[in-house]
Amino acid sequence: MIYNPITALLVFLAGSLLCFFVFRPKNGIYTLLKNSYQQKGKTILEDVLKFLYHNQEASNSITTNDLTNSLNFSSTLIIDSINKMMESELIFLEKDTYKLTAKGNEYALQIIRAHRLWEKYLSEKTGFHKEEWHERAEKKEHELDTSEINKLAILLGNPKFDPHGDPIPTNSGRIAKKAGIPLSSFEVNCIGKIIHIEDEPKIIYNQILAENIHIYSTIRVIENNKKRVVFHSEGEVFVLPPIVAGNITISVLENSNVNEDNIARLSSLKLNETASIIGLSKECRGENRRRLLDLGFVKNSKVQIDLLNPLGEPKAYLIKGTTIALRKEQASKILIKNNGKQGE
Amino acid sequence: MEKLRKMNRKRINRIISLSEELRWKIGDDFHDNLTESIYADASKIVEDSVTYTNKKSRFRLDVNIDKIVTSKIWGFPIMLFILGVVLWLTIIGANYPSGLLSELLLDITHPILKNFGESVGLPWWLNGFLFDGVYLAVAWVIAVMLPPMAIFFPLFTLLEDFGYLPRVAFNMDTMFKKSGAHGKQALTMTMGFGCNAAGVIATRIIDSPRERLIAIITNNFSLCNGRWPTQILLATIFIGAVVPESYSSFVSLSAVIGIAVLGIFFMFFFSWALSKTMLKGEVSTFNLELPPYRRPVFWKTIYTSLIDRTLIVLWRAIVFAAPAGAVIWLISNIDVGNESIASWIIHALDGFGFLLGLNGVILLAYIVAIPANEIVIPTILMLTIMVTGISGGEGAGVMFELDSFNAMGDILKEGGWTLLTAVNVMLFSLLHNPCSTTIYTIYKETRSVKWTVVASVLPVIVGLIVTFLVAQIWRILL
Amino acid sequence: MESKANNTCDNCIHFNVGELKKLGIKTANFDFVVALAGNPNTGKSTVFNALTGLRQHTGNWPGKTVTRAEGAFEYQQQKFKLIDLPGTYSLLSTSNDEEVARNFILFGKPTVTVIVVDASRLERNLNLVLQILEITSSAVLCLNLMDEAGRNNIKIDTRTLSKDLGIPVIPTVARSQNGIPELIQTISELANGKIKCKRYNIKNIPNNIEKSVQVLSEEIEKEYPNISNSRWIAFRLLEGDTQIIEALENGEIA
């Protein structure tokens with residue numbers, strides 16, 4: 001072949017395109033091949049069980065159509081799987097709707113346990129972004145066997161809740177009941193605590209993430225109508241459309257001695273103001289949380305801004321006699337009581 | 001014995017299951033509570049025994065220095081000024097001792113050794129292998145590497161001991177955060193301009209696993225002092241010659257700086273790419289303590305930084321350079337058929353080299369010079385003379401350089417070099433695998449074959465792609 | 001002991017220079033192991049160098065010594081091996097440095113642990129000190145950087161501090177060797193059992209946790225009567241430290 005720079009470039013481009021199509025992470029030929037070799041049957045079966053379980057909890061009745069429409073597999077595969085499950089007595093049919101047998105219920109809880117434990121693991125021990133936890137757990141839940149799940153639980157200290165606030169079933173299949181009401185139907189001026197943030201559908205979840213709303217934070221609703229829900233939390237004001245607010249669950253705090261108005265985030269502290277730390281938000285997890293505690297960001301510590309940054313971030317804070325620089329997302333997870341301007 | 005172990009097991013299992021039960025009861029706040037209690041104790045103890053006679057929370061002078069070095073107006077100019085002074089002192093200051101050393105080790109000692117070898121009756125091949133191969137490579141590395149490192153590291157260490165460097169990390173963090181890295185990477189990167197192996201060791205100051213790996217893998221994009229001379233030489237001979245003489249030194253200097261800046265650009269780009277792909281699952285934390293300023297103990301600092309950084313890195317480089325020198329000598333002196341091994345390899349690589357806008361000599365020089373970038377140019381000169389058969393040089397397997405840039409340029413042009421070759425060698429010198437000292441250091445620091453391979457292969461692939469693209473586009477346009 | 005009585009006055013704790021030999025890195029055949037722990041950036045490595053005559057590099061940077069450094073010195077014919085542990089803020093987390101430090105103090109069982117703290121930041125440094133004191137009470141507090149504390153107008157009542165912590169407290173300025181003789185003297189006296197330390201237990205722990213810790217540590221003591229730091233092991237078990245569980249299984253602790 002005679003060399004020509006244009007041919008060489010074209011060959012190179014063709015090669016790169018080919019590599020791209022084979023190895024791209026989503027819908028790449030390599031990934032598709034890898035997935036098709038994995039046992040699809042188990043995944044479908046477990047997804048059907050999970051789907052039935054969640055709907056049973058919400059008292060929805062589920063027909064064959066519901067299943068084929070909601071699950072991301074071909075109808076024939078799903079129907080195949082349903083028949084197999086009826087045979088092995090995991091589910092049964094009652095007036096056109098599917099119900100879980102006791103055995104099926106137990107199986108479903110195991111899958112949910114695996115899913116939520118894995119999410120907890122991702123949140124505590126790895127650096128994956130929140131956005132990814134759910135998707136990764138959706139895959140991993142089908143890969144873990146019972147002994148691995150139990151080992152994971154011990155490693156994490158048998159946690160009771162996953163990072164979204166969902167209860168994790170125990171290995172004997174006990175599960176705490178969900179309580180609380182959706183934020184969208186919360187009354188104005190009531191005080192409550194966010195106990196759950198739903199991670200599905202992804203579009204709404206991402207909207208909640210973008211707002212930096214923290215789980216287990218205390219809130220007070222100041223406006224609630226068909227157009228929007230406005231609430232105070234940790235010294236900030238949040239505005240959400242009702243459909244998004246519906247995916248946040250609140251438990252009512254009867255005791256009104258919780259003075260929500262005094263809480264603020266360290267990121268809102270201004271130069272020359274002093275504050276005392278109330279604690280760390282539950283959103284601050286794993287190694288990050290331990291690090292901040294070790295550095296002295298604990299209850300009752302006094303804190304003030306020591307240095308501003310020429311580029312705005314990170315700011316340096318004076319805590320227990322040492323200057324420590326923190327990025328904004330860290331400072332926003334430290335809760336303080338602002339004591340105002342420093343008296344000279 | 002077996003029985004004892006079984007008993008032991010039983011007792012332990014009881015304790016462990018008890019602890020798990022209690023853990024479940026306490027919930028996941030244990031760590032928080034424990035730390036809070038410890039700090040509560042601490043503040044009680046401090047109340048008992050510490051008195052502050054002055055309520056000022058921080059030392060006045062510290063506060064004032066900090067206000068200036070992190071101010072909006074002065075922060076960055078001061079930083080650039082200090083960096084400029086350090087690099088200038090290193091490059092200018094190293095010239096003289098470097099020349100002296102190379103005269104001593106290469107021009108004076110080398111012939112003496114060869115004569116000595118002959119006089120004690122060493123066979124020519126042993127004499128050549130030992131003194132032309134091994135000795136020359138080691139001497140070259142010392143002459144080029146030692147002076148800049150002996151200037152750069154103590155200066156850097158003085159700044160470090162004073163406490164200024166954490167402020168640089170503080171100022172720069174936003175820029176690094178955008179590419180998923182830690183502000184302290186600004187310092188390990190700067191350290192890399194001295195020596196990549198030292199830069200990799202310096203990443204210990206980054207205590208977040210993900211950001212530390214990023215800093216290690218991308219450190220090679222900092223142009224180290226083994227590569228600066230190559231850049232300066234080629235820029236002067238080839239790029240400076242393109243423009244009128246009055247501009248030539250300015251243009252060649254800009255070209256060298258341009259390459260270094262390009263390296264920084266690649267560093268940012270790959271930091272970002274790694275943090276979004278391969279490394280996104282690694283734990284990422286941030287903490288940056290700004291310690292009080294302390295007056296450095298001047299002579300002690302100079303001494304320890306010489307011992308700790310300069311000599312250790314130099315020692316490793318020598319250990320790796322010696323075998324490289326041996327290999328270079330051997331492949332140029334062992335014939336297979338009617339040609340030396342080196343010639344065979346060069347001919348085999350010529351086609352691929354042409355595709356990249358390079359040639360077989362350059363590729364072979366980079367392969368055998370993996371241990372030390374310092375010997376790339378001498379090896380290229382030696383091999384060029386060997387293949388073209390022009391007169392000059394010191395003989396097969398004997399690396400050399402000439403005093404005049406022009407004379408070296410003539411040899412290279414004789415070897416078929418064009419402006420494109422020079423530009424691509426400059427690019428490839430920036431974008432190729434780290435030297436073996438650095439590879440070994442990366443392995444020692446990460447204890448992981450995977451990350452060592454990634455850090456070694458990634459820049460080479462980038463280099464191949466970049467030189468290939470430049471060559472094709474150059475040929476299409478010109 | 002007699003030779004000491006002959007050489008110096010009986011009671012004075014003045015240090016006898018003639019009896020100190022800095023042995024650098026010759027660490028063979030030692031009588032005692034001394035661990036050097038402390039927060040990052042407290043001049044720990046400077047103390048290490050002052051004791052051993054070595055010149056390990058110390059940067060004004062948190063976290064310079066990552067690997068363990070070893071050195072030795074000889075005092076009154078006894079050889080002390082000194083281990084410089086990585087500087088950490090705490091022993092409770094999972095980072096590599098902390099593991100090295102934690103494991104050495106717990107499993108390496110040093111005769112004496114020297115805890116170096118920054119006198120001008122005592123409160124934050126006490127976090128680590130109190131954790132170490134839960135593991136071992138054979139420790140001495142080296143109150144370093146006293147000159148900086150002085151410049152910041154901080155006064156420390158070392159007697160009260162020593163009483164509160166139950167261990168000897170030695171103020172030093174390691175850069176200029178101030179207080180190092182007294183520190184060596186104290187290390188030697190601790191190693192030879194001439195000074196007795198009092199055990200320190202963390203106090204302000206919430207009731208429900210304190211109860212769990214007590215239950216668990218009593219169980220541990222029942223099974224392993226020789227264990228002196230059952231409370232610390234209880235802490236670690238409640239944190240789910242897998243290394244401790246392994247160590248119990250291998251019998252490394254008992």
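A, B, ... follow the sequence lines: proteins, then strands. Residue 1 opens every chain. Source: prediction; values computed, not measured. Side chains are part of it too, since the values below use all heavy atoms of this structure and drop only hydrogens, waters and symmetry mates.
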Which one, [options], leads in non-hydrogen pairs under 4.5 Å with chain B?
| options | result |
| --- | --- |
| His129(A), Arg136(A), Glu329(A), Arg289(A) | Arg289(A) |
| Ile324(A), Val298(A), Asp294(A), Leu293(A) | Leu293(A) |
| Leu311(A), Leu308(A), Leu326(A), Asn309(A) | Asn309(A) |

Where on [X] is there a heavy atom nearer than 4.5 Å to chain A: the side chain, the backbone, both, or neither?
| X | result |
| --- | --- |
| Asp29(B) | side chain |
| Thr70(B) | both |
| Phe30(B) | neither |
| Thr174(B) | both |
| Leu355(B) | side chain |

Does any backbone or side-chain atom of [X] lie under 4.5 Å from a heavy atom of chain B? Answer side chain, backbone, both or neither.
| X | value |
| --- | --- |
| Lys282(A) | side chain |
| Lys125(A) | backbone |
| Arg291(A) | side chain |
| Leu295(A) | both |
| Gln330(A) | side chain |
| Ile154(A) | both |
| Arg290(A) | both |
| Lys302(A) | neither |

Indicate the atoms forming the closest heavy-atom contact of [X] with [Y], along with that distance.
| X | Y | result |
| --- | --- | --- |
| Ala8(A) | Gln472(B) | CB-OE1, 3.6 Å |
| Ile215(A) | Ile195(A) | CD1-O, 4.0 Å |
| Ala169(B) | Leu288(B) | C-CD2, 4.1 Å |

### Query
Can a donor-acceptor pair be found between the side chains of Arg113(A) and Asn150(A) at a distance below 3.5 Å?
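Short answer, yes.
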[X] ring center near [Y] ring center (under 6.0 Å):
| X | Y | answer |
| --- | --- | --- |
| Phe286(B) | His182(B) | yes |
| His134(A) | His164(A) | no |
| Phe161(A) | His196(A) | no |

### Query
Is any NZ, NE, NH1 or NH2 atom of the basic residue among Arg285(A) and Glu283(A) found under 4.0 Å from an Asp or Glu carboxylate oxygen of the other?
yes
### Query
So, Lys44(B) and Asp48(B), do they make that salt bridge, N to O below 4.0 Å?
yes
### Query
Counting heavy-atom pairs under 4.5 Å to chain A, which of Gly75(B), Ser284(B), Gly281(B) comes out on top?
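Counting heavy-atom pairs under 4.5 Å, the top option is Gly281(B).
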### Task
Mind ranking Asp32(B), Asn287(B), Thr35(B), Leu279(B) by heavy-atom pairs under 4.5 Å with chain A and telling me who comes out on top?
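Greatest number of close heavy-atom pairs with chain A: Asp32(B).
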### Query
Is Arg475(B) close enough and on-axis enough to Phe354(B), meaning under 6.0 Å and within 45°, for cation-pi?
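Flagged: Arg475(B) positioned over aromatic ring of Phe354(B).
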### Message
Is the ring pair Trp272(B)/Phe269(B) parallel, tilted or perpendicular, if the boundaries are 30 and 60 degrees?
### Response
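Tilted: the ring planes of Trp272(B) and Phe269(B) meet at 30° to 60°.
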